[in-house]
Amino acid sequence: MQGMERESEISQNRRKRIAIIGSPDLEFYGGTQVSVIESTEILFSMGFDVTVFGSGTYFERRNIDLGEKIRYVKNAFPFDPFSWRTVQKVSRGVSEPLIGMFTSKKIMKVVGDYDGYYFTAPKFIFRSISERIDSRKRVLLANHGTYLEFLSARKGILSRALINLFDSIFLKHASRENTFIHTQNAFQRKHYLERGIPEEKIFLIPQCEVDFSKFSVKNNDDFRVLFLNRLSTDKGAHLIPMISNRCKGINFVVIGGGPLLNQIRSSAGDNVRLTGFLSESDKQRVVEKCDVILNLSSYESLSISSIEGLAAGLRVISKERTSGLSFIAESVEGSVYFAGGSIQEICEMLEKLRREKEADPFNFHELKEGIRKRAEAIFDKNVINRKMEGVFSTVFGSVMKDGDGIPKMPPSISERDDC
């Protein structure tokens, strides 16, 4: 009898276990992976045991070490054809959200039983696990790089039909009683509200890991334009030579690597400096020496690189009105300029800002200071992390067992802080 009581006591006092699922391997190290690492560290600091299940990748930047106490399973589902490196490379990562379409039983065996589940986006792997776990288990569905942005950026009947199809596959699980939604921007939040998800189950937090204290606003002599992103077509890197060749009187700095690196090197003029990947401290110093950051992506749920620019007071010039940048523009007055897809308009905006700096450097610097100050109040890492702690506490922190072993419900919206 004493042994049974001791076992029950250990069960009640053990650290609650959370599984994070749905991100490509952390070595990919894009915006989603940065957010996953940050969420992992927050959950662990709050007293949770955390396991991260990577979904494979076709592109590696570095090895990730989460420490001995956090479990990270790289390429956790090698039996699924959509996770194979060759398939992901040929599809440029498009196959990754399809993992779990045909292997849901095997995936559930790999993941196993946890107290709570955190999914990085609505994908097949979310459906695979959600339909096989106890309906009382807590689930947090995040929206890092979703099909919503990808398909909404492509106008047409087919794209709309695919959104409706994926909604029908995934959102029936998103509406489950113990499932909560973490959205990155207002566009995502509106989408879930229109699909019948109750407002009190949706958290809008633009999660990013940008520590504003590590950036400063510099009053630079030269006008410089920054591109900080992966050098790939989906990030618009192929447009860099066109823009820089039209703006020969402006200096450009390109931070990052990717499949278009050699193409840009051979096509861009002498006014473009390619740095490759930089350490965090070196990257911060280069960002500070610039005045404008280019965002040439066709779709994004947030844009961490743009927020890094804001931390140094840079204004963002965007080719498209993406949902992420629209949210940033609405949140930080005067921070984003939209060119409507036009290369000519991008160049005209750059030339206009260059002239403004040359005409009144003091005022130009003051505007940079104002952008940073407004952005820091919304996007600084410390502000975001406090809000994420509130979300995790609401969704997972109340999963404690009562006398009958039944998980207790989280506090109602009226009982918790607004996150």
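These numbers come from a predicted model, not from an experiment.
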For the residue pair F396 and F392, categorise the inter-ring angle as parallel (less than 30°), tilted (30 to 60°) or perpendicular (more than 60°). parallel

How about CZ on R132, more than 12 heavy atoms from neighbouring residues, nucleotides or ligands closer than 6.0 Å, or not? yes

Give a yes or no on whether the backbone of L26 and the side-chain of Y72 come within a donor-acceptor separation of less than 3.5 Å. yes

Backbone N/O of E320 and side chain of S318: donor-acceptor pair under 3.5 Å: yes

Modelled atom types, side-chain donor and acceptor of D282 and S279, under 3.5 Å: yes

Would you please test D167 and Y147 for side-chain hydrogen bond (donor to acceptor under 3.5 Å, both in side chains) and show each step? CA-CA 10 Å; D167 283 349; Y147 62 88; 2.6 Å; yes

Check this for me: does any side-chain nitrogen of one of K352 and E356 sit under 4.0 Å from a carboxylate oxygen of the other? yes

Can you spot which of N185, T146, L302 makes a side chain to side chain contact (heavy atoms under 4.5 Å, CB included) with S323? N185

Hey, can you tell me if F77 and F53 have their rings parallel, tilted or perpendicular (30° and 60° cut-offs)? parallel

Roughly how far, to the nearest 0.5 Å, is CZ of F82 from CD1 of I125? 12.5 Å

Is it true that K373 and E376 have a side-chain N and a carboxylate O under 4.0 angstrom from each other? no

Go through it in stages, so that I can follow the logic: the residues are E345 and K319, the test is side chain to side chain contact (heavy atoms under 4.5 Å, CB included), and I'd like the CA-CA distance, side-chain angles, deciding distance and then a yes or no. CA-CA 9 Å; E345 190 171 349; K319 183 173 72 74; over 6 Å; no

Do the side chain of T103 and the main chain of I107 share a donor and acceptor less than 3.5 angstrom apart? no

Check whether more than 12 heavy atoms from other residues, nucleotides or ligands sit under 6.0 Å from atom CD of E333, and answer yes or no. no

Please check if any side-chain donor atom of Q263 sits under 3.5 Å from a side-chain acceptor atom of H238, or the reverse. no

Quick one: do E96 and K123 make a salt bridge, cutoff under 4.0 Å? yes

Report yes or no: does S35 contribute a side-chain atom to a donor-acceptor pair with the main-chain N or O of G31 at less than 3.5 Å? yes

After noting the C-alpha distance and the side-chain angles of N143 and T183, does the key distance pass the side-chain hydrogen bond (donor to acceptor under 3.5 Å, both in side chains) rule? CA-CA 5 Å; N143 284 266; T183 60; over 6 Å; no

Sidechain N-carboxylate O distance under 4.0 Å for D113, R17: no

Report yes if the side chains of L140 and T179 come closer than 4.5 Å at any heavy-atom pair, otherwise no. no

May I ask you to check whether over 12 heavy atoms, not counting those of E358, lie within 6.0 Å of atom CD? yes

Taking D291 first and then K357, would you say they form a salt bridge - that is, a charged N and a carboxylate O separated by under 4.0 Å? yes

Is E177 paired with R136 through a side-chain N to carboxylate O contact shorter than 4.0 Å? no

Can you tell me if CG on N382 sees more than 12 non-hydrogen neighbours from other groups inside 6.0 Å? yes

Are R372 and E369 ion-paired here, with the side-chain N under 4.0 Å from a carboxylate O? no

Within a radius of less than 6.0 Å around CZ of R195, do more than 12 heavy atoms belonging to other residues, nucleotides or ligands occur? yes

Side-chain H-bond candidate by donor/acceptor type, E288 with Q284, under 3.5 Å: no

Donor-acceptor pair, K368 side chain versus K218 backbone, under 3.5 Å? yes

Should D49 and R15 count as an ion pair when the cut-off is N to O under 4.0 Å? yes

Going by atom types only, do N295 and S306 share a side-chain donor-acceptor pair under 3.5 Å? yes

F170 CZ to S175 OG distance, which is reported to the nearest 0.5 Å: 13.5 Å

Is the shortest distance from a Lys or Arg side-chain nitrogen in E280 or K214 to a carboxylate oxygen in the other one below 4.0 Å? no

Just checking D134: does its CG atom have more than 12 heavy atoms from other residues, nucleotides or ligands closer to it than 6.0 angstrom? yes

Does any part of the side chain of V217, heavy atoms only, come nearer than 4.5 Å to the side chain of H365, both counted from C-beta? yes

With heavy-atom distances below 4.5 Å as the criterion, would you say the side chains of F187 and E149 are in contact? yes

With side chains defined as the heavy atoms from C-beta onward, is the minimum distance between V287 and V253 less than 4.5 Å? no

